[in-house]
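These notes are about the structure you will find just below.
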Amino acid sequence: MSPLRPKSTSSKLPFVVPLLALGTFLMSTTEFIIAGILPEMASDLGVSVSQAGLLITAFAIGMIVGGPTISLATLRLPRRSTLVLALGTFAAGHLIAALSSSFTVVLAARVLTALATGAFLSVASVVATSAAGPAAASRAMGVMMSGMGLAIVAGVPLGSFVGQSIGWRGTFWALTVLAAIVAVVIGRFIPGEEHREAPSVRSQLGVLRHGRMWLVLAATALVSGGFLAAYSYISPLLTERTGLSEGVVPLVLVGFGIGALLGTNLGGRFGDRRPLTTFLAIAAGSGLVMLLLIPLSTSVPATVVLVVLLGLTGMAVTSIATPLAVRFGHSAPGLAAALTVSGFNVGIAVGTWLAGSALDSSLGVKGPEAVGVVMAALGMIPLLILAALRATRTNTAEAGLPAEPAEGSSQDEADDRVLV
């Protein structure tokens with residue numbers, strides 16, 4: 001058996017992985033919580049709800065730009081120090097926002113928080129996958145990213161309840177305190193790394209030449225953007241087409257979160273064995289779920305089941321995309337992970353914008369699902385190209401023909417042995 005092939009995924013993951021899930025829980029809570037307390041923030045800060053929506057846009061832009069930028073800026077810092085610094089900055093951003101009555105200051109604080117979030121998720125991905133080893137990298141990412149599912153199930157509803165009960169500042173104060181506690185815990189329990197030579201920025205930027213990594217990033221943006229396009233506008237579908245009351249909608253969304261918890265872990269387990277096949281199944285599965293939602297969303301039982309399945313299939317992307325990108329960007333794992341975070345957020349930005357336009361079109365509340373189906377289908381194209389590249393390389397090797405030399409080709413051959 002090749003030493004690159006996973007031996008087993010049944011062994012226990014290092015303690016560092018669930019610790020990083022705590023940080024992921026906080027980062028995901030703050031990303032999704034704003035939508036639940038936007039009216040309260042707009043009223044308190046003296047702006048319109050649409051203007052307050054810039055808090056969501058600014059966070060997404062900060063994540064897209066900030067992840068890769070901060071990854072390069074912290075190359076010479078130990079990863080544990082970067083994680084603690086990111087959590088400290090995250091806490092500071094929420095503290096500044098909680099103390100301010102200026103919308104401009106709160107907006108700037110959200111950008112600061114987004115930079116910290118991008119930095120944390122990028123470095124945490126590398127730490128988790130490195131600690132688990134190549135044979136369990138996807139499973140480690142699944143456990144770490146289960147913090148996102150837990151945020152949807154518990155963090156966002158609880159934060160929204162606090163924000164609506166005692167004001168949005170109460171939610172921000174809670175996130176400040178929790179981030180400070182998690183920073184102390186991570187600083188105390190995550191082991192320091194052995195001395196390593198700090199890579200140069202130029203060597204890190206060399207990862208941008210790896211075409212297969214860009215194919216993974218394209219698939220990540222399209223597939224994740226597709227299911228989040230449907231999820232972001234699921235409430236109008238549930239109330240206007242399915243006929244559920246507004247009070248029941250949060251319960252259905254909890255079902256989505258439960259599906260997300262299962263999906264991140266299942267995606268990680270299968271992804272360690274057959275990453276590309278698993279990614280293709282995720283894209284096809286989420287596309288099928290969204291396609292079925294269009295005709296079946298008039299049935300309450302069918303809709304509830306499909307929403308849970310949407311969480312299960314869609315959120316599984318988070319456990320498979322980063323390990324694949326890191327594998328193909330092996331010379332710069334931190335930057336590759338950061339680019340994956342950016343890919344998610346590019347997908348979110350594009351998907352939700354297209355879904356919003358479709359919602360206002362003749363498609364109505366079915367529009368976002370239609371957008372999601374198209375994006376998921378498009379997301380399968382780069383994955384099929386990856387599969388074709390592997391098949392071509394494998395057939396060439398089996399025929400005994402010399403492969404065309406390419407930079408990093410030996411690494412590509414090693415990747416192929418564990419790719420599908």
Is there a ring pair (Phe, Tyr, Trp, His ring centres under 6.0 Å) between Phe120 and Phe90 once you walk through the steps?
CA-CA 9 Å; Phe120 180 90; Phe90 179 92; 8.5 Å; no
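- Distance alone, capped at 3.5 Å, places no donor-acceptor pair between the Thr220 side chain and the Phe344 backbone.
- Ala316 and Gly263 get closest at one heavy-atom pair: CB-O, 3.4 Å.
- Nearest heavy-atom pair across Phe279 and Leu324 is CD1-CD1, 3.8 Å.
- No hydrogens or angles considered: a donor-acceptor pair under 3.5 Å links the side chains of Arg110 and Thr30.
- When side chains are defined from C-beta on, Pro275 does not count as touching Pro323, because their heavy atoms never get closer than 4.5 Å.
- For Leu310 against Thr313, the heavy-atom pair with the smallest separation is O-OG1, 3.4 Å.
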Decide yes or no on side-chain contact (heavy atoms from CB on, under 4.5 Å) for Leu215 and Leu389, but give the supporting numbers first.
CA-CA 11 Å; Leu215 289 171; Leu389 289 173; 4.1 Å; yes
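- The shortest side-chain heavy-atom distance between Thr113 and Phe59 falls under the 4.5 Å cut-off.
- Side-chain contact between Leu384 and Leu280: present, with at least one pair of heavy atoms (C-beta onward) separated by less than 4.5 Å.
- The CG atom of Leu121 sits 6.5 Å away from the CE atom of Met148 when rounded to the nearest 0.5 Å.
- Using a distance-only test at 3.5 Å, with no hydrogens or angles considered, a donor-acceptor pair links the side chain of Ser319 to the main chain of Thr264.
- Under a 3.5 Å cut-off, the side chain of Thr318 and the backbone N or O of Met315 do form a donor-acceptor pair.
- A 4.5 Å side-chain heavy-atom check between Met41 and Val47 finds every atom pair outside the cut-off.
- No side-chain heavy atom of Phe227 sits less than 4.5 Å from a side-chain heavy atom of Ile282.
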Take Leu312 and Val289, measure what side-chain contact (heavy atoms from CB on, under 4.5 Å) needs, and give me the verdict at the end.
CA-CA 10 Å; Leu312 189 149; Val289 169; over 6 Å; no
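- You'll find the side chain of Ile234 reaches within 4.5 Å of the side chain of Glu369, heavy atoms only.
- Using a distance-only test at 3.5 Å, with no hydrogens or angles considered, no donor-acceptor pair links the side chain of Ser28 to the main chain of Phe25.
- Arg139 places a side-chain heavy atom less than 4.5 Å from the side chain of Leu13.
- Residue Ala91 comes nearest to Ala180 through the heavy atom pair CB-N, 4.4 Å, listed as atom of the first residue, atom of the second, then distance.
- A donor-acceptor pair under 3.5 Å is absent between the side-chain atoms of Arg79 and the main chain of Val126, judged by distance alone.
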Taking it one step at a time, do Trp173 and Leu99 satisfy side-chain contact (heavy atoms from CB on, under 4.5 Å)?
CA-CA 9 Å; Trp173 275 110; Leu99 293 173; 3.6 Å; yes
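- Counting heavy atoms from C-beta on, the side chains of Ile258 and Val308 never come closer than 4.5 Å.
- Between Gly155 and Ile33, the closest heavy-atom pair is O-CD1, 4.4 Å.
- Across every non-hydrogen atom of Val223 and Gly379, the tightest pair is CG2-CA, 3.9 Å.
- Without hydrogens or angle criteria, Ser342 side chain to Ile64 main chain gives a donor-acceptor distance under 3.5 Å.
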Under the side-chain contact (heavy atoms from CB on, under 4.5 Å) rule, what do Leu55 and Leu107 come out as? Steps first, then yes or no, please.
CA-CA 6 Å; Leu55 296 171; Leu107 186 65; 3.8 Å; yes
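- Atom CZ of Phe270 is surrounded by 12 or fewer heavy atoms from other residues, nucleotides or ligands within 6.0 Å.
- Looking only at distances, a side-chain donor or acceptor of Thr242 sits under 3.5 Å from a matching main-chain atom of Ser297.
- No donor-acceptor pair closer than 3.5 Å links the side chain of Ser100 to the backbone N or O of Ala97.
- The main-chain N or O of Arg274 is never found under 3.5 Å from a side-chain atom of Thr277 such that the two would form a donor-acceptor pair.
- Using a 30° and 60° split on the angle between ring planes, Phe15 and Phe189 fall in the perpendicular class, above 60°.
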